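Report on one structure; see the data block that follows.
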2 protein chains.
Amino acid sequence: MVCHMDLSKRLLEQFLAVAEEKHFGRAAESLSMSQPPLSQAIQRLERGLGVTLLERGPSSPRGVRLTPAGAAFATEARRLLDSQSAAIERVRRVAHGLEGDVRVGYVSILSHRHLPWLLRATAEELPGLRVHLHQDSTATLAEMLSAGTLDLAFVRDPSPLSDDLAVRDFAVERIVAALPHEHRLAGSDAIALTDLRDEDFVLPSGDALPSLAQQAQLACRDAGFTPRCRAGADDLTGLLGYVAAGLCVSLLPEDLRDFPIPGIAFVPLRGSSPHLETTIAAVHRPDADAAVLRLLDLIHRHARP
Amino acid sequence: MVCHMDLSKRLLEQFLAVAEEKHFGRAAESLSMSQPPLSQAIQRLERGLGVTLLERGPSSPRGVRLTPAGAAFATEARRLLDSQSAAIERVRRVAHGLEGDVRVGYVSILSHRHLPWLLRATAEELPGLRVHLHQDSTATLAEMLSAGTLDLAFVRDPSPLSDDLAVRDFAVERIVAALPHEHRLAGSDAIALTDLRDEDFVLPSGDALPSLAQQAQLACRDAGFTPRCRAGADDLTGLLGYVAAGLCVSLLPEDLRDFPIPGIAFVPLRGSSPHLETTIAAVHRPDADAAVLRLLDLIHRHARP
DNA sequence: CAGGTCCATATGGCAGACCATATCAAAGGG
DNA sequence: CCCTTTGATATGGTCTGCCATATGGACCTG
C-alpha cells in the first residue's frame, strides 16, 4: 500500500498542536483557526496514513490521548519539520556562498606564500566552504576555468588570458635579481639591472612561465640591453638550480626569497620599471557563483599581506 | 527572513525531475504533465526559497544546469522525501505492532522458565519491539496494568483479578511435592497426596503467592485432610529453604524443578485434582494496542513449550 | 537567414483545500 | 436528570494551486 500522502508543513503543525495540547479546541485556538476544520484535517491525515493516531474516547470530555502510533508520529513530525527547515537553511547558505565546495587552482610559485593566509582566512571567515586545491600551469588553469572544472585560480600576470575570464589583481611583487652566493654582487643591498648586462642569464624557456620570461626580457630592454641566455628551464626548480650552481643569474619574484634554497642570494633592483613588477591575480568565470564571490571579497580585503 | 515554504512532496518530485533531466520538457513528460505548469511550479519554489536553483541561460537550447544551490537542494530534496517515506513507514509499523515499546511484567516464579523462550521468540519474530521487563507481585502488576504503566503481565492463576483486565491462559503446570532429599518418599516415581497427610507443610503465608497457597489448601482438602502448617514464607526462597533444610514438605509448580537447589526432590503427585494444576496466563487491558496483540498471538502460538 | 529547440508568459478552467458558522451526539458531573 | 464539555458532522463560500492550450522570445544550427 504505497501512500501518496503529502505531509505538508501545515498538516504536521496541526497534528503537533493537537498532540501537544491533547485537546482539539485549544489546539485550534493556538493555530488561530476554528475547531471543525482541524478535526477534518486530522481525520484526513489519519485516513491518508491508514493509521489511528488519536484515542478519542469513549470518554471524550477530558480531551484526547495519543495512540502509540500517534506518539511515534509526533516524534517523526517534529523531525520532518526540523529537516525541512534545515534543508531550506542549508540551501540558502549555499546560495549565499557561506557553504559549499570551491575548486581553487594555483601555480606552484604561489603555493608557499599566498595559499597559507588565504586558507587560514577562509577557514576563519567562511568555515562552511570546502576548498579543493589543484596546482597546475597557468594555461591549464585557464582551460579548466573555461571548462567549468575549476572555480578560481591564482596566477601571475594573467593579462594575456582568454577574454571570457574575469581577472582580479590582488598583489604586486617586485622582481629581484637571483645571484649565486659567490657572485661579486651577492652582498649588495641593491643593484641596477645594468650591472648584470654582461652576465649569463637563465630564464624560463618554451611555454613555461611565459609572463616571467616576458617581464625579464622587457625589463632588460628598458635597461638598454638584451640578456644573454646561456640556459633555459621550464620550471622553477630548474631556474634556481642553475643559479645555485653558480652558472647563471636570473630575475625572479621576490617572494622566492622564502624558499629554503642554499647558494642563492636575492638582491633588490634599483629603479621602478613596470616590467620589474609582477602582478598576482585571481581569475574566475564572469558568472562565478556566490561562494567564489565571497572568496574574492575575502582576498580583496586581505590583499598585500 | 523566516520562510513559510511548504515543500510539498509533489513540488520536490517536480524539482527532482527537472534536476535529473536537466530539461523542462522531458521532466514534464516524465511527470505526465505539460511544461508550462512545471516551469511555474519551479518558479514558485525558487521564489519561496529566495534562491535561484537553475541556470537557464542565456544559452537555453541545451536545457538547464543546476546552480550550486540547486545541486544542494536536489540532495536535500531526496533526503526529505526519504525521511517522509521512512516516517510514514515507521508509523505504520508502530500501528501494526511491528515496532515500539512494550512494558511486560511478571512474577518471579515465571522468570526462569517462560521468559527465555518468550524473549527469544519476540526477538526473532518481532525484532522491532523493545520489551521492558518488570518483576513484581501479582497484585501490583494488576494495578500497574490498570494504571497504564504496564502493557502485559504474566502471572499464575489470575482468576480473581480485576474485571477490567483481559486474561489469556497459555500454559498449565502440574503441582508436585517438594520433599527433602532425605525424606522417605524422595526417591519415589510418584506418590499420592494422602501420603503426605502427616507431614509438616510450609506454604505461602500472608498475601504472598495467594493462588499457590489456595491451590495447596484445596488440593489437600480434596485428598481428605488439612495440611499441618508448621511454617510459612512469603517468597519462594523461603519455602524452598524450609524444604531443603529437611524440616517441611511443600506443594509447588513442577517448573521449579529446574532451579538448581540442592537438597530438594520434586516428586509427581498421582491423581488429577484440578487443584493440582496451576495456570499461567497473560493479563492485559482490553484495549491493548497492536504490539501487545502481536505478543499475545506469539504467546498463543508458542504455548506449552 | 530560416527553422528548430527550449523556456517563459498569458489566459482560462477546474478541483480541492481551507475556513467559518451552525448543529449534533456522547459522556461525565452536579 | 439536566447541563456542560468535547469532538464529529453538515453546509456554504472563498481562494489557491494545478493544469492545459496558445503564444512569445532567446538562442543555436544548417
Side-chain angles (χ1 to χ4, degrees), chain A residues 3-49 51-67 70 74 84 146 148 164 286-287, chain B residues 3-49 51-67 70 164 286-287:
Chain A
C3 187
H4 48 82
M5 198 62 213
D6 225 2
L7 298 192
S8 73
K9 187 179 171 191
R10 174 75 176 160
L11 193 53
L12 293 178
E13 285 169 346
Q14 288 173 327
F15 173 74
L16 283 180
V18 176
E20 279 163 21
E21 298 278 5
K22 301 189 191 312
H23 190 289
F24 274 76
R26 282 195 297 276
E29 189 183 359
S30 86
L31 291 165
S32 307
M33 63 186 290
S34 62
Q35 171 259 321
L38 180 58
S39 285
Q40 289 179 358
I42 303 298
Q43 283 170 32
R44 242 197 336 274
L45 176 62
E46 289 181 312
R47 208 155 6 96
L49 293 174
V51 165
T52 300
L53 300 172
L54 296 172
E55 190 73 41
R56 271 102 166 165
S59 64
S60 33
R62 289 287 164 255
V64 292
R65 296 185 303 280
L66 287 171
T67 63
Q84 186 157 320
S146 297
D164 51 28
D287 61 341
Chain B
C3 188
H4 47 81
M5 198 62 212
D6 226 359
L7 297 192
S8 73
K9 187 181 171 191
R10 175 74 178 161
L11 194 53
L12 293 178
E13 286 168 346
Q14 287 172 328
F15 173 74
L16 283 179
V18 176
E20 280 162 22
E21 298 277 5
K22 300 189 192 314
H23 190 289
F24 275 75
R26 282 195 298 276
E29 188 183 358
S30 86
L31 290 165
S32 307
M33 64 185 290
S34 61
Q35 170 259 321
L38 180 58
S39 284
Q40 288 178 1
I42 302 298
Q43 283 171 32
R44 244 198 332 276
L45 176 61
E46 290 181 313
R47 205 152 13 91
L49 293 174
V51 165
T52 300
L53 300 173
L54 296 172
E55 191 72 42
R56 272 104 167 164
S59 63
S60 32
R62 289 287 164 254
V64 293
R65 297 184 303 279
L66 287 170
T67 63
D164 50 28
D287 61 340

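All of these numbers come straight from a predicted model, not from anything done at the bench. Lettering of chains follows the sequences in order, A, B, ..., and the numbering in each one begins at 1.
Counting all heavy atoms, side chain and backbone alike, A:F24 lies closest to A:S39 at CD2-OG, 3.4 Å.
Judged by atom type and distance alone, A:Q43 does not reach the base of D:dA8 through any side-chain donor-acceptor pair under 3.5 Å. Between the side chain of A:Q35 and the base of D:dA8, at least one donor-acceptor pair of N or O atoms lies under 3.5 Å.
The CG atom of B:L12 sits 16 Å away from the P atom of D:dG17 (whole-angstrom rounding). Computed from coordinates, the A:E46 CD to D:dA8 C1' distance equals 12 Å when rounded to whole Å. In this structure, B:R65 atom CZ and D:dC27 atom P are separated by 13 Å, rounded to whole Å.
Phosphate contact (OP1/OP2 of C:dC7, side-chain N/O of B:H23, threshold under 4.0 Å): present. Residue B:S39 places no side-chain N or O under 4.0 Å from the OP1 or OP2 atom of C:dC7. In this model, the phosphate group of D:dC19 is approached by a side-chain N or O of B:Q14 to a distance below 4.0 Å at OP1 or OP2. Listed pair A:R44 / C:dC18 meets the phosphate criterion, a side-chain N or O lying under 4.0 Å from OP1 or OP2.
Residues meeting the side-chain hydrogen bond (donor to acceptor under 3.5 Å, both in side chains) test with B:T67, sequence neighbours left out: none. Under the side-chain hydrogen bond (donor to acceptor under 3.5 Å, both in side chains) criterion, A:E20 pairs with A:R78, sequence neighbours left out.
Annotation: side chain of B:L7 is in contact with side chain of B:L45 (closest heavy-atom distance under 4.5 Å).
Open room surrounds CD on A:E29; 12 or fewer heavy atoms of other groups in view lie less than 6.0 Å from it.
The side chain to side chain contact (heavy atoms under 4.5 Å, CB included) test with B:I42 is passed by exactly one of B:L53, B:V18, B:V64: B:V18.
Checked by atom type and distance alone, the side chain of B:Q14 never pairs as donor or acceptor with a backbone atom of B:L31 at under 3.5 Å.
Which of C:dC7, D:dA10, D:dA20 sits closest to the side chain of B:S34 comes down to D:dA20. In this structure, the nucleotide among D:dC19, C:dT21, C:dC7 sitting nearest to the side chain of B:R10 is D:dC19.
Both B:Q40 and A:M33 lie near DNA chain C, and the one whose nearest nucleotide falls closer to the 5' end is B:Q40. Map B:K22 and A:P37 each onto its nearest nucleotide of DNA chain C; the residue landing nearer the 5' end is B:K22.
From one end of the helix from C:dC1-D:dG30 to C:dG30-D:dC1 to the other, with five pairs defining each end axis, the axis direction shifts by 20° (rounded to 10°).
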